[in-house]
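First up is the structure itself, then whatever we jot down about it.
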Amino acid sequence: MTVRRAFVFVLFAVWVALLATTPFSGDNYTVRIAIQIAMYSALALSWNMIGGFTGYPSFATAAFFGLGCYIGALSQIAGAPTVVAWIVATAGVALFAAALGLIILRLKGHYFAIGSIAIVEVLRLVISSWSGLTGGGDGLNVPFLRGGPEFVSQLVLGVMLLIMVIAFAVTVWVDRGRLGFGLKCINQNEDAADMVGIDVTRYKIAAFVLSAFLCGTVGAVYASWVGYIDPTDSFSIVFTVKVAVMTILGGAGTVLGPVVGAAVFVVLEEYFWANFLAWNRAILGAIIVFLIFFLPGGILRLDYRHLWSQAKARHGRIGMAGGE
Amino acid sequence: MSTVLEVSDLSKSFGGIRAVNGVSFSLDEGEIVGLIGPNGAGKTTLVNLITGVHRVSSGRIVFQGEDVTRQRPFQAARRGLARTFQIVQPFPAMSVVENVGAGALFGGSATSKREAMALAREELAFVGLDALADAPAASLTLPNRKRLELAKSLAMRPKVLLLDEVNAGLNTAEIDNALALIRAIAARGVTIVIIEHLMKVVLSITSRILVLHHGELIAEGEPHAVVADEKVIEAYLGAKFAARYRAEAQNG
């Protein structure tokens, strides 16, 4: 068990180091992909708290991300230093999630999923209509990060990797501790969890806030990176689905699954985007269908030893058949 | 003996139906009390009211001197009011020991996961499930699932344990084992309320019986007196049982 745990840590550390060295080994395009992988890893690890450990299919990721974009941008426009704006966005989104969780976590299953989609839509509409503050549909220009383009992308990569590492640390802490154990109980049987003395409301809100606050940070950093945000981009349903699919692809409820899923998905998406521009969305759909039918537990939940022995057995049979 | 739980004038309505109607009783520390009555009499609803699953419509519940009428299930569990379900409720994908550990960690006194798992193994040994501690809970047979329910409740170190038909679906040999286990739990000083349809079980194990009918308490007292009560015979036991019981009593 401890050997496996150590293996997970080493794997994660090597992966972060690999992403961190892209500015020295690759071109700008590679660095951009590394930033995306770090960003989506942080988002997928966050989603894993509520969607993986707790089993609540949340689509609110885009709401937290978008809100983070706008709180960060508006704080900066109001004169806050960049880093302060990022922290304000993090705290603001955490508070929002706590207040929202109190209401929306009364819903379960499909109803919760629909409710969380509605949050994204409502926020998008509010931000679009409140043009006096947010610029409405015209979007908002965010003060650029100082320095040349290469320095900026290195800085963003560093910050995104830091957020990813924090998200991973939080995941490990939750997974090992009392909170994670309680969340896994809630996931399997909420009534029984209540009966063994778990304060399910408090635990679910904790999970919801943990699934939200780093999405706020990521949103604010993203806004600083791209320099321009608008309601449609910040509160996108496809974006929110993507994060959930990544986590499930890697293995929801595992520690490393979201990281694996985010990496595989970003690379696949980049490949399909570059080579099949018109079919991009259809391929995303096909991946989702494939996942549901063949990989419901994700890449990390596959029984590789079983697959290997099966493959060996098949190979053995073929070998014998050839010998006859 | 001191009173551990006191229920006074408890009522619960679902729409126009009064599922529990003006029920009052109290439990003394360490006794085993039977709760009997026909299907739909409100036995499970009463347990649900006491453990906070349903909101009380009117009345009062006092547990160890504290008014707990408005408590939620997790608070009941932490206070020491544990219950088992008629239909067992395990965490299916977890191992047996983790199921029991959850009880020790969240409802009991354990302060860490490690301590909870150690306590869980003790309780599993107590109910005779230690050989299956690491098996997934979903793989257990029905009698073993009932044992798991018991171990999970015991890990919470309850003062009062409400057993909702723990013997339903078990065969005669399994029931004898379960009865021995319930006696052993009582010997630890836990007050037990047992909902049960098998009169043989009720008569052999309880020191007092409560009879519910249409949500009302129609009789209460020492088992053999309650069984001979005309109201109880009419509402639940039936004339045939009464005649056989009287004959058996006469023949010794």
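Since this is a predicted model, take the numbers as computed values, not measurements. Lettering follows sequence order; numbering is per chain, from 1.
If you measure heavy-atom distances from Ala110(B) to chain A, the contacts under 4.5 Å come from the backbone alone. Neither the backbone nor the side chain of Thr84(B) comes within contact range of chain A; no heavy atom of the residue lies under 4.5 Å from a heavy atom of that chain.
Annotation: cation-pi geometry satisfied between Lys113(B) and Phe181(A) (NZ/CZ under 6.0 angstrom from ring centroid, within 45° of ring axis). Remark: Arg208(B) fails to qualify as a cation-pi partner of Phe25(B) under the 6.0 Å distance and 45° angle criteria applied to the six-membered ring.
Note: His54(B) and Phe14(B) have perpendicular aromatic rings, judged against thresholds of 30 and 60 degrees for the angle between ring planes.
Across Arg79(B), Met94(B), Arg72(B), the residue that shares the most heavy-atom pairs under 4.5 angstrom with chain A is Met94(B). When the candidates Pro90(B), Pro73(B), Pro92(B) are compared by the number of heavy-atom contacts under 4.5 Å with chain A, Pro73(B) comes out ahead.
For the pair Ile182(B) and Val166(B), the minimum side-chain heavy-atom distance is below 4.5 Å.
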